[in-house]
Asker: 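My structure is below; once you've seen it, I'll send some questions.
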Amino acid sequence: MRLESLPAQLQKAARWVAANPQEVALLSMREQAKRAGVQPATMTRLAQALGYDGYEGLREGHRAALRQAPGLAGQAARRASLHAESSELAAQEMLRNCGAQVAGLAAGDLPQAMVRAAGMIAQARQVYCLGMRSSHAVAWHVSYALSLISDRARLLDGIGGTGFDALAQAQAGDVLFVCGVAPYTRAVVEVVVQARARGLQVVALTDTGLSPLICPDGVAMIVPIASASFLHSMAPAFALAEVLVALVARGDDPAVLARLAGLDRQLAAFNTYHPDII
């Protein structure tokens, strides 16, 4: 079932459930509905839409997951199995699986979502980029690549605890590019909520249609993260980020090449790169 196929109130409840698994396991249904901003009956309808007889079934599933407390150790124990006879063959199998994940990004409606996201970023006055923990590198890469072609990119990196302060200057119509996968970092979810309150458009690179980073009026780009490692795979997210910025550059103003040429001159003046060895 796709999140977009649900009525608006069920989508709202589903996003709250995805963002608050511990609360689902521990709180009463009425309290959960209050915190989600919906009626209690909506929580019941959501559970039924997900295949449960009632909300108690959904709660019990979250209780079981909480008791297991997988964490990184649990992820390692439940990782995708490998059918390799040696470490070399295991490496080959993991690389093939990674390649298949990246190749699969070209299927379905993901390319259309990327084009919409690139258009929003290209037209925005300011683009804020956010990602923490394993997703930070993806957000940093997008911010860095965008900084090569415009002055509109700003990384919310949180250094010194002031990274999110930049949102104080945000205006309605600006874009927040956010990358995050389960388990979702609480601070990232909170920034998305604040960005929406300020009227920002949210471009979310995430792992499921129930991700709390997805906004109804934004763009969602969903990538696989299954891995045979103790940590989820970020390779598909990196691949999508590279293509996304390339689409933005393609649709940006004609001064892009002139800007890049100027950057080339500065890099040469500072002798930034090691000379090629002939």
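Note that the structure is a prediction, hence the values are computed from the model and not measured. For this chain, numbers begin at 1 and follow the sequence in order.
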Asker: Identify the two heavy atoms, one from Val219 and one from Ala113, that lie closest to each other, and give their separation to 0.1 Å.
Answerer: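 It is CG1-O, 3.4 Å.
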Asker: Starting from Val202, can I reach Ile222 by hopping between I/L/V/M/F/W/Y residues whose side chains sit under 4.5 Å apart?
Answerer: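 In one cluster: no.
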Asker: Distance check, rounded to the nearest 0.5 Å: Leu205 atom CG versus Ser211 atom OG?
Answerer: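 With rounding to 0.5 Å, CG (Leu205) is 9.5 Å from OG (Ser211).
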Asker: Could you tell me the separation between the CD atom of Gln32 and the CG atom of Leu58, rounded to the nearest 0.5 Å?
Answerer: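 One gets 8.0 Å once the value is rounded to the nearest 0.5 Å.
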Asker: For the atom pair CE (Met234) and CD1 (Ile225), what is the distance rounded to the nearest 0.5 Å?
Answerer: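 Taking CE in Met234 and CD1 in Ile225, the distance rounds to 8.0 Å.
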Asker: Give me the atom names and distance for the closest heavy-atom approach of Arg30 to Pro40.
Answerer: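 Looking at all heavy atoms of both residues, the closest pair is NH1-CG, 3.6 Å.
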Asker: What verdict does the side chain to side chain contact (heavy atoms under 4.5 Å, CB included) test give for Met221 and Leu244, after you've listed the backbone C-alpha separation in whole Å, the side-chain angles of each residue and the deciding distance to 0.1 Å?
Answerer: CA-CA 10 Å; Met221 299 174 292; Leu244 177 65; 4.0 Å; yes
Asker: Just wondering, do Val178 and Val203 contact through their side chains at under 4.5 Å, heavy atoms?
Answerer: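 Not touching, per the 4.5 Å side-chain cut-off.
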Asker: Measure the spacing between CG of Leu176 and CD of Gln194 and express it to the nearest 0.5 Å.
Answerer: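 Answer for the CG-CD pair, Leu176 versus Gln194, is 11.5 Å.
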Asker: Does any part of the side chain of Arg152, heavy atoms only, come nearer than 4.5 Å to the side chain of Val175, both counted from C-beta?
Answerer: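 With C-beta onward as the side chain, the pair stays apart.
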Asker: Heavy-atom count check: over 12 atoms from other residues, nucleotides or ligands less than 6.0 Å from Gln39 CD?
Answerer: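 Atom CD in Gln39 is not packed in, count stays at 12 or less.
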Asker: Determine yes or no for a side-chain-to-main-chain donor-acceptor pair under 3.5 angstrom, with Ser147 supplying the side chain and Tyr144 the backbone.
Answerer: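 Flag set: sc Ser147 to bb Tyr144 pair under 3.5 Å.
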Asker: Quick one, Glu23 and Trp16 - any side-chain contact, counting heavy atoms below 4.5 Å?
Answerer: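 SC-SC contact between Glu23 and Trp16 confirmed.
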Asker: Mind listing the closest non-hydrogen atom pair of Leu155 and Cys129 along with its distance?
Answerer: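 In this case the closest contact between Leu155 and Cys129 is CD1-O, 3.5 Å.
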Asker: Kindly indicate whether the side chain of Leu146, heavy atoms from C-beta on, has any atom under 4.5 Å from the side chain of Phe177.
Answerer: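 Sidechains of Phe177 and Leu146: no contact.
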Asker: Mind listing the closest non-hydrogen atom pair of Cys179 and Ser135 along with its distance?
Answerer: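 Closest approach of Cys179 to Ser135, heavy atoms only: O-CB, 3.2 Å.
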Asker: Is there a side chain to side chain contact (heavy atoms under 4.5 Å, CB included) between Val17 and Met43 once you walk through the steps?
Answerer: CA-CA 9 Å; Val17 167; Met43 308 302 284; 4.0 Å; yes
Asker: Transitively linked via ILVMFWY side-chain contacts under 4.5 Å: Tyr184 with Val138?
Answerer: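 In one cluster: no.
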Asker: Answer with yes or no whether the hydrophobic clustering places Leu200 together with Val193; edges join I, L, V, M, F, W, Y residues whose side-chain heavy atoms lie under 4.5 Å apart.
Answerer: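 Cluster IDs for Leu200 and Val193 differ.
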Asker: Within a radius of less than 6.0 Å around CZ of Arg125, do more than 12 heavy atoms belonging to other residues, nucleotides or ligands occur?
Answerer: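 Correct, the count exceeds 12.
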Asker: Just how far is it from atom CG of Leu130 to atom CZ of Arg154, taken to the nearest 0.5 Å?
Answerer: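 Output value for this atom pair is 12.5 Å.
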Asker: Do other residues, nucleotides or ligands put more than 12 heavy atoms under 6.0 Å from Gln112 CD?
Answerer: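 Counting other residues, nucleotides and ligands, CD of Gln112 exceeds 12 neighbours.
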Asker: Let's go through Arg59 and Glu56 carefully: what are the C-alpha distance in whole Å and the side-chain angles of both, what is the deciding distance for salt bridge (Lys or Arg N to Asp or Glu O under 4.0 Å) to 0.1 Å, and is it a yes or a no?
Answerer: CA-CA 5 Å; Arg59 288 186 67 197; Glu56 189 58 31; 3.6 Å; yes
Asker: Determine yes or no for a side-chain-to-main-chain donor-acceptor pair under 3.5 angstrom, with Asp174 supplying the side chain and Tyr128 the backbone.
Answerer: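 No: the side chain of Asp174 does not pair with the backbone of Tyr128.
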Asker: Mark yes or no for whether Gln101, through its side chain, and Ala226, through its backbone, hold a donor-acceptor pair below 3.5 Å.
Answerer: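 Present.
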Asker: Can you confirm whether more than 12 heavy atoms, excluding those of Arg198, are under 6.0 Å from its CZ atom?
Answerer: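 Yes.
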Asker: Just so I know, are the side chains of Val245 and Val142 near enough to count as touching, which here means a heavy-atom distance under 4.5 Å?
Answerer: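 When only atoms from C-beta onward are counted, Val142 and Val245 do touch, with a gap below 4.5 Å.
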Asker: Could you give the distance from CG (Asp157) to CZ (Phe164), rounded to the nearest 0.5 Å?
Answerer: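 Nearest 0.5 Å value for the CG-CZ distance: 9.0 Å.
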Asker: Which atom names give the shortest non-hydrogen contact between Leu46 and Leu10, and what distance separates them?
Answerer: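 Result for this residue pair: N-CD2, 3.7 Å.
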Asker: So do the side chains of Phe238 and Val102 get within less than 4.5 Å of each other, counting heavy atoms only?
Answerer: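 No. Closest side-chain heavy atoms not under 4.5 Å.
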Asker: Using only atom types and a distance under 3.5 Å, with no angle test, would you say the side chain of Thr206 pairs donor to acceptor with the backbone of Gly180?
Answerer: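 Between the backbone of Gly180 and the side chain of Thr206 there is a qualifying donor-acceptor contact (under 3.5 Å).
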Asker: For Asp217, does the CG atom sit with more than 12 other heavy atoms under 6.0 Å from it, leaving out its own atoms?
Answerer: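 Correct, the count exceeds 12.
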Asker: Would you check if Leu27 and Arg35 make a side-chain contact, meaning some heavy-atom pair closer than 4.5 Å?
Answerer: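 Yes, close enough: below the 4.5 Å cut-off.
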Asker: Hey, mind stepping through Leu240 and Leu110 against side chain to side chain contact (heavy atoms under 4.5 Å, CB included) and telling me if it holds?
Answerer: CA-CA 9 Å; Leu240 187 149; Leu110 183 56; 3.8 Å; yes
Asker: So, do Leu105 and Val243 sit near enough that their side-chain heavy atoms are less than 4.5 Å apart?
Answerer: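 Contact flag for Leu105/Val243 side chains = no.
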Asker: To check you understand the geometry: which heavy-atom pair defines the closest contact between Gly209 and Ile214, and what is its length?
Answerer: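 It is O-CD1, 3.7 Å.
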